**Student:** 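What follows is a structure written as structure tokens; I'll ask about it next.
None of the values given here were measured: they were computed from a predicted structure. We use all heavy atoms of the structure for the numbers below, so side chains are in, but hydrogens, waters and symmetry mates are not. Residue numbering restarts at 1 for every chain, and letters A, B, ... go by the order of the sequence lines.
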Amino acid sequence: MKIRLTNSKTRRKEDFQPIDPSNVRMYVCGPTVYDRAHLGNARPVIVFDVLYRLLRHVYGPDHVTYVRNFTDVDDKINAEALRRQKAGATGTLEELVHERTEETIAWYHADMNALGALRPDHEPRATEYITQMVAMTADLIAKGHAYEANGHVLFRVRSYKDYGKLSGRSVDDMIAGARVEIAPYKEDPMDFVLWKPSSGEEPGWASPWGRGRPGWHIECSAMAHELLGESFDIHGGGLDLQFPHHENEIAQSACAHPHGDFAHYWLHNEMLQVEGKKMSKSLGNFFTVRDLLDRGVPGEVIRFVFLMTHYRSPMDWTAEKAVAVDAKLGDYLVLGERFADLSTARLTAPAPEVIEALADDLNTHLALVEIDRLADNARWNELVTTLDFLGLVPFERFEARRAELAGSAANLARLTETLASDRASAMASKDFSTVDALKSALIAAGVEVRMSKAGIELVPGPDFDPAKLEALL
RNA sequence: GGCGGGUUGGCGGAGAGGUUACGCAGCGGAUUGCAAAUCCGUGAAGACCGGUUCGAUUCCGGUACCCGCCUCCA
């Protein structure tokens, strides 16, 4: 199986060649844990979850290492911790920060679980790797790539000749177009912070440069190195991180570990829009994953909508898509439960067409089209197993539904008979009011009513409600 | 201002230099007491202007518009 991926580094679609097929390594930039994940945060999670599943399928589940970090050093978190302390909460600032991040991480896990995302193999937290960050910063100073100035440690951008290569920018162009105020102690306006001093109201750690905290970019370099080594296969994240975050990661890592070549393949997902517009608080179209779940949009629906758009295109979240997808997933659930042999489906491989589609630079849209074809061609076991593979409908869902329907089978049979006899008499009397009333009630209970000359069939639909059925007996 | 991406039928959204994408919706028909479901059939596209080519929606250039990044928002 040949996987092809668009590498941001070369701007080309390339054959994926892992450094070590027995341990394929991927690092993805995770969230800053200061609040609930918004819908945009879900996109890289879902995109790289699909890639993770594909890699596990191709190289074996035990031969892929997926790391996604939690950024738990951040001024927004500090602000919240400080607010709590001032409101009378007990504990040190560091403890209050920890409390806030723990809470946020638990939310994040719950929300991403709802989206069907597998847990990465490692979820390192920046605060657990301060030692490595300090060591890496010291090493960069020793090698002449960083310098101390005004209590800060800054990376010397001019010392790395390829700076800007990933994002296609030159240092000179960026300076020319910069709209940022430049700290006077910087040697070069583009130099960025590796370490900065902390005031008494900010969490901090001891370092050779005094009590302080790391800059944002260094954590990913340090954690990727610690967990994946000097060179690894894939680095992913949102397109907005390409510059400066990923550029800076590359610069730090390349300079600190000149014998490694950091990530071989860089993957960037495009951004999310909502009803055709950028999601923002000012436009009033900002919402979290939890908001959607609470509004009754199932996680699988969110996931499916995301997979409809290729990861390298902007994705537009619309309520209309969610409605359409909900119906489609409902159909799959009904079909899979009715026609698949669930015991053997578990042992069936996902449809090769779907794997092929994913292997071609994660063509998730084509994969979904192929799923439709599985249903069209009555490949029920593959339909079920492929939906499970993609995280869209877990096996357990099919099994749970089968169990639920088994409990209603007798009731359905009785109602079928009732409806048949009512109909027979109505055909004679030409008064269909009783038949139509029962039919409406059945439809209201989520049952599809199929009447033909051959007879009557009652098929529970995706929204079948056994309780409403009871009421009709 | 600098850099990057995009513009496909009513909607969503792909691939491929020439052959039906596909899904949803629509329309016609079969079927039905009426429906639903199903089946059969069917219309509809490639922002604009040039260029390359026997032939371009697909390659190249320009224009317009949209979007992102340049501000620790994925």
**Student:** If you look at every strand shown and take non-hydrogen atoms under 4.0 Å, does A:Ser167 touch a base, only sugar-phosphate, or nothing?
**Tutor:**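 Sugar-phosphate, backbone atoms only, no base.
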**Student:** Over all strands shown, is A:His268 touching base, sugar-phosphate only, or nothing at heavy-atom distances under 4.0 angstrom?
**Tutor:** nothing
**Student:** With under 30° as parallel and over 60° as perpendicular, where do the rings of A:Phe155 and A:Phe192 fit, or are they tilted in between?
**Tutor:** parallel
**Student:** Among B:A21, B:G33, B:G13, which nucleotide sits nearest the side chain of A:Arg373?
**Tutor:**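 Within the option list, the nearest is B:A21.
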**Student:** When all nucleic acid strands are considered with a 4.0 Å heavy-atom cut-off, which category describes A:Val435: base, sugar-phosphate, or nothing?
**Tutor:** base
**Student:** On a plain distance test, is the side chain of A:Lys439 in donor-acceptor contact with the base of B:C34 below 3.5 Å?
**Tutor:**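 Pair found.
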**Student:** When the distance from CG of A:Leu442 to C1' of B:A37 is rounded to whole Å, what number comes out?
**Tutor:**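 Result: 15 Å.
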**Student:** Is there a donor-acceptor pair under 3.5 Å between the side chain of A:Glu247 and the backbone N or O of A:Ser167?
**Tutor:**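 Yes, A:Glu247 side chain to A:Ser167 backbone: donor-acceptor pair under 3.5 Å.
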**Student:** Remember a base hit wins even if backbone is also touched, and classify A:Asn41 as base, sugar-phosphate or nothing at under 4.0 Å, heavy atoms.
**Tutor:** base
**Student:** To the nearest Å, how far apart are A:Glu270 CD and B:C73 P?
**Tutor:**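 Rounded to the whole Å, the gap is 18 Å.
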**Student:** For the side chain of A:Asp436 and the base of B:G33, is some donor closer than 3.5 Å to an acceptor across the two?
**Tutor:**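 It does, because a donor-acceptor pair links the side chain of A:Asp436 to the base of B:G33 below 3.5 Å.
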**Student:** When both hydrogen-bonding distances must be under 3.5 Å and the geometry is Watson-Crick or G-U wobble, what is B:C65 paired with, if anything?
**Tutor:**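 Partner of B:C65: B:G6.
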**Student:** Determine the contact category for A:Lys76: base if any of its heavy atoms lies under 4.0 Å from a base atom, sugar-phosphate if only primed atoms, P, OP1 or OP2 are that close, otherwise nothing.
**Tutor:**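 Contact class for A:Lys76: sugar-phosphate only.
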**Student:** In whole angstrom, give me the gap between the C1' atoms of B:G18 and B:U57.
**Tutor:** 12 Å
**Student:** Between B:C73, B:C34, B:A36, which one does the side chain of A:His38 approach most closely?
**Tutor:**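 Side chain of A:His38 sits closest to B:C73.
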**Student:** Which part of the nucleic acid, if any, lies within reach of A:Met271 when heavy atoms closer than 4.0 Å are counted: base, sugar-phosphate only, or nothing?
**Tutor:**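 It contacts base atoms.
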**Student:** Suppose we screen for ring pair (Phe, Tyr, Trp, His ring centres under 6.0 Å). Which residues come up paired with A:His122, at least two apart in sequence or across chains?
**Tutor:** none
**Student:** May I have the distance from A:Lys165 (atom NZ) to B:C3 (atom P), rounded to whole angstrom?
**Tutor:**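 From A:Lys165 NZ to B:C3 P: 19 Å.
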**Student:** Indicate, with a heavy-atom threshold strictly under 4.0 Å, whether A:Ile443 touches base, sugar-phosphate, or nothing.
**Tutor:** nothing
**Student:** Expressed in angstrom and rounded to an integer, what is the separation of A:Met315 atom CE from B:G6 atom C1'?
**Tutor:**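 So the two atoms are 16 Å apart, to the nearest Å.
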**Student:** Identify which nucleotide among B:C34, B:C22, B:G33 has an atom closest to any side-chain atom of A:His365, counting heavy atoms from C-beta outward.
**Tutor:** B:C22
**Student:** Looking across every strand, which nucleic acid part, if any, lies under 4.0 Å from A:Leu241 by heavy atom: base, sugar-phosphate, or nothing?
**Tutor:**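 A:Leu241: backbone/sugar contact only, no base atoms under 4.0 Å.
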**Student:** Taking atom P of B:G5 as reference, at what distance in whole Å does atom CG of A:Asp361 sit?
**Tutor:** 15 Å
**Student:** Choosing from B:G23, B:C69, B:G33, which nucleotide comes nearest the side chain of A:Arg423?
**Tutor:**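 Nearest nucleotide to the side chain: B:G33.
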**Student:** Provide, to the nearest angstrom, the distance between the CG atom belonging to A:Asp326 and the C1' atom belonging to B:C24.
**Tutor:** 14 Å
**Student:** Expressed in angstrom and rounded to an integer, what is the separation of A:Glu320 atom CD from B:C11 atom P?
**Tutor:**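 Atom-to-atom, A:Glu320 to B:C11, this comes out as 10 Å.
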**Student:** Let me know which of A:Asp111, A:Asp294, A:Asp291 forms a salt bridge (charged side-chain N to carboxylate O under 4.0 Å, His left out) with A:Arg36.
**Tutor:**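 That would be A:Asp111; it is the only one of A:Asp111, A:Asp294, A:Asp291 passing the salt bridge (charged side-chain N to carboxylate O under 4.0 Å, His left out) with A:Arg36.
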**Student:** Check the angle between the aromatic planes of A:His246 and A:His268 and answer parallel, tilted or perpendicular using the 30° and 60° thresholds.
**Tutor:**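 Ring orientation, 0 to 90° scale: tilted.
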**Student:** Using a heavy-atom cut-off of under 4.0 Å over every strand shown, decide if A:Gln273 touches base, sugar-phosphate, or nothing.
**Tutor:** sugar-phosphate
**Student:** By nearest atom, which of the nucleotides B:A74, B:G33, B:C69 is closest to the A:Met451 side chain?
**Tutor:** B:G33
**Student:** Is a donor from one side chain sitting under 3.5 angstrom from an acceptor on the other, for A:Asn41 and A:Tyr108?
**Tutor:** no
**Student:** Determine the Euclidean distance between corresponding P atoms of B:G17 and B:A44; express it in Å to zero decimal places.
**Tutor:** 25 Å
**Student:** Identify whether any heavy atom of A:Arg43 sits under 4.0 Å from a base atom; if not, whether one sits that close to sugar-phosphate; answer base, sugar-phosphate or nothing.
**Tutor:** nothing
**Student:** Any base atoms under 4.0 Å from A:Phe243, or only sugar-phosphate, or nothing? Heavy atoms, all strands.
**Tutor:** sugar-phosphate
**Student:** Just checking A:Thr318: base, sugar-phosphate only, or nothing, at a heavy-atom cut-off of under 4.0 Å?
**Tutor:** nothing
**Student:** With a 3.5 Å limit on both atom pairs, tell me what B:A21 is paired to, counting Watson-Crick and G-U wobble, or say none.
**Tutor:** none
